[in-house]
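This report concerns only the one structure given below.
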Amino acid sequence: MTPKRIISANDAASLPALYVIASLAACLPGGAFAADMPYPQPEPAMAQADPIADYFATWFDRVDAAQASQPHWMTPITTVTPRLEEEFRYDQFQQFLGNGAEVNNYFGGKGLELIPTTTNEILINVPAFQQRTNHEPATGFADGNFVTVKQRLLSANEENGNYILSAFLGFQAPTGITAFTNRPAWIVTPTIAGGIGGGDFDIQGTISYTLPTDERNHIGTSLVTSATLQYHIGEYFWPEFAFNDTQWTSGERAGRNQLFVSPGIMFGRFQIYNRVKFNFGIAYQVAVLPDHHITDPLTPMYNHAWILSMRVTF
């Protein structure tokens, strides 16, 4: 019978020391425990990019880049500028018609203008609210120029040529009341706009063609041109002189032409807070063609008008 070995107190005391030595050895290069049981390493946190959040977070960087690469003229009162603008605009007209009626037009089909890319602008317009008095009174909304898409084709700021060329495509929806609508026709308006400047003087102009989707025998198609001569005086004064011509090529006014001239002045840009600025202006518009008033249908569409324009840019 094999005798049992009795572990002495000294042997028992040496066991912890052996475990310590074995543990330290495992931490050395080539140690068994280090090779077989590595310590878990935390994985680095990976930030998940959100392209939508990033797009809106850098919105104003694109706005600044777009506007830095184009002329810094003021937007005229009666000519749609070829420049890209980020603003909210309100216009108001008081029009005096040849049949004795007066039409007050609020919002003037203007609204929110946004720059989603460095070469594009989207105009989301508010339908004009009109009030006609004295002759066939009516009050309500007119058809809405609900969206216009603007694509800048060429541009150079004042240091690199001082010019710009853009293309628009606008859509007018037949949403107005009976007195102020072209229902059921939508109006599609392709436009080319350009401008050139020298020193404190610039010319901005547009040429467009209106295409109703229905009722062409009644509404008609028309070639519309506009040009504004503008001069910058001091810091805040922008006097202008504009021409707005419409030549109907079909419809009830086929072969007729109306021409308005509009002296006016814009004031701005007045800083409100950080990048937010305020501009306003007034113009008087008068018809010079035709030289006699035609009443069936009215040509020119009105004889003269006062125009107020206010914009908050951001």
Side-chain angles (χ1 to χ4, degrees), residues 77-80 88-112 123-148 170-189 191 208-224 226 244-260 262 282-290 292-310:
I77 298 174
T78 62
T79 296
V80 181
F88 184 83
R89 176 172 174 173
Y90 171 86
D91 283 7
Q92 183 172 323
F93 310 139
Q94 185 181 24
Q95 301 168 335
F96 300 90
L97 282 59
N99 59 8
E102 178 182 325
V103 175
N104 293 304
N105 184 317
Y106 305 96
F107 272 102
K110 305 300 182 182
L112 183 63
L123 294 81
I124 305 171
N125 300 316
V126 178
F129 185 83
Q130 297 186 165
Q131 181 183 44
R132 186 170 62 204
T133 63
N134 302 334
H135 182 80
E136 298 182 357
T139 300
F141 285 100
D143 290 347
N145 296 317
F146 76 99
V147 66
T148 298
F171 302 89
Q172 178 179 288
T175 56
I177 67 170
T178 301
F180 303 131
T181 186
N182 289 316
R183 191 178 299 117
W186 288 62
I187 308 293
V188 181
T189 307
T191 303
S208 61
Y209 200 73
T210 62
L211 298 167
T213 60
D214 203 346
E215 296 289 333
R216 289 197 179 188
N217 291 334
H218 170 65
I219 302 169
T221 55
S222 57
L223 181 67
V224 182
S226 177
N244 301 90
D245 182 83
T246 304
Q247 176 69 54
W248 282 275
T249 54
S250 66
E252 294 182 343
R253 291 187 175 90
R256 297 183 188 177
N257 174 255
Q258 72 176 20
L259 173 64
F260 293 97
S262 310
I282 188 170
Y284 180 72
Q285 191 174 56
V286 59
V288 295
L289 288 176
H292 62 285
H293 301 297
I294 304 171
T295 58
D296 187 23
L298 279 175
T299 311
M301 301 181 71
Y302 52 91
N303 292 344
H304 56 280
W306 286 100
I307 305 173
L308 171 67
S309 183
M310 296 182 289

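In this chain, numbering begins with 1 at the start of the sequence shown.
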Inset, instruction - For F260 and P300, work out which heavy atoms get closest and say how close. - result: CZ-CB, 4.2 Å
Inset, instruction - Compare every heavy atom of T139 with every heavy atom of F129, then report the nearest pair and how far apart it is. - result: CZ-CG2, 3.4 Å
Contact check, side chains of [X] and [Y], non-hydrogen atoms, under 4.5 Å:
X    : Y    : answer
F107 : Q92  : no
T78  : I307 : yes
S226 : D245 : no
V103 : L97  : yes

Legend entry - Non-neighbouring partners of R89 that pass salt bridge (Lys or Arg N to Asp or Glu O under 4.0 Å), sequence neighbours left out: D91
Could you pull out all residues at least two apart from [X] that satisfy side-chain hydrogen bond (donor to acceptor under 3.5 Å, both in side chains)?
X    : value
T249 : Y209, T221
S262 : Q285
N303 : H293
H218 : E252

In chain order, what residues pass the side chain to side chain contact (heavy atoms under 4.5 Å, CB included) check against [X], with sequence neighbours excluded?
X    : value
M301 : W248, R253, Q258
V224 : S208, T210, S222, T246
N145 : N125, Q172

Legend entry - Neighbour count >12 (heavy atoms, 6.0 Å) for atom CG, N217: no
Inset, instruction - Return the set of residues passing ring-ring contact (aromatic ring centres under 6.0 Å, His included) with F93 (not counting sequence neighbours), or none when no residue passes. - result: none
Legend entry - Qualifying residues under ring-ring contact (aromatic ring centres under 6.0 Å, His included), relative to F171, sequence neighbours excluded: none
Legend entry - Any donor-acceptor N/O pair, T175 side chain to G144 backbone, under 3.5 Å: yes
Legend entry - Any donor-acceptor N or O pair under 3.5 Å, side chains S250, R216: no
Legend entry - Within residues 94-109 or reaching into it, pairs that qualify as side-chain hydrogen bond (donor to acceptor under 3.5 Å, both in side chains) - sequence neighbours excluded: Q94-E102, N105-Q130
Side-chain donor-acceptor distances from residues 178-187 under 3.5 Å, at least two apart:
unit_1 : atom_1 : unit_2 : atom_2 : d
T181   : OG1    : D143   : OD1    : 2.7
T181   : OG1    : D143   : OD2    : 3.4
T181   : OG1    : R183   : N      : 3.0
R183   : NH2    : G176   : O      : 2.3

Legend entry - Approximate separation, where rounding is to 0.5 Å, of L123 CG and T148 OG1: 5.0 Å
Inset, instruction - Hey, could you give me the OG/NZ distance between S309 and K110, rounded to the nearest 0.5 Å? - result: 7.5 Å
Legend entry - Test log, rule side-chain contact (heavy atoms from CB on, under 4.5 Å), inputs Y302 and F96: CA-CA 6 Å; Y302 52 91; F96 300 90; over 6 Å; no
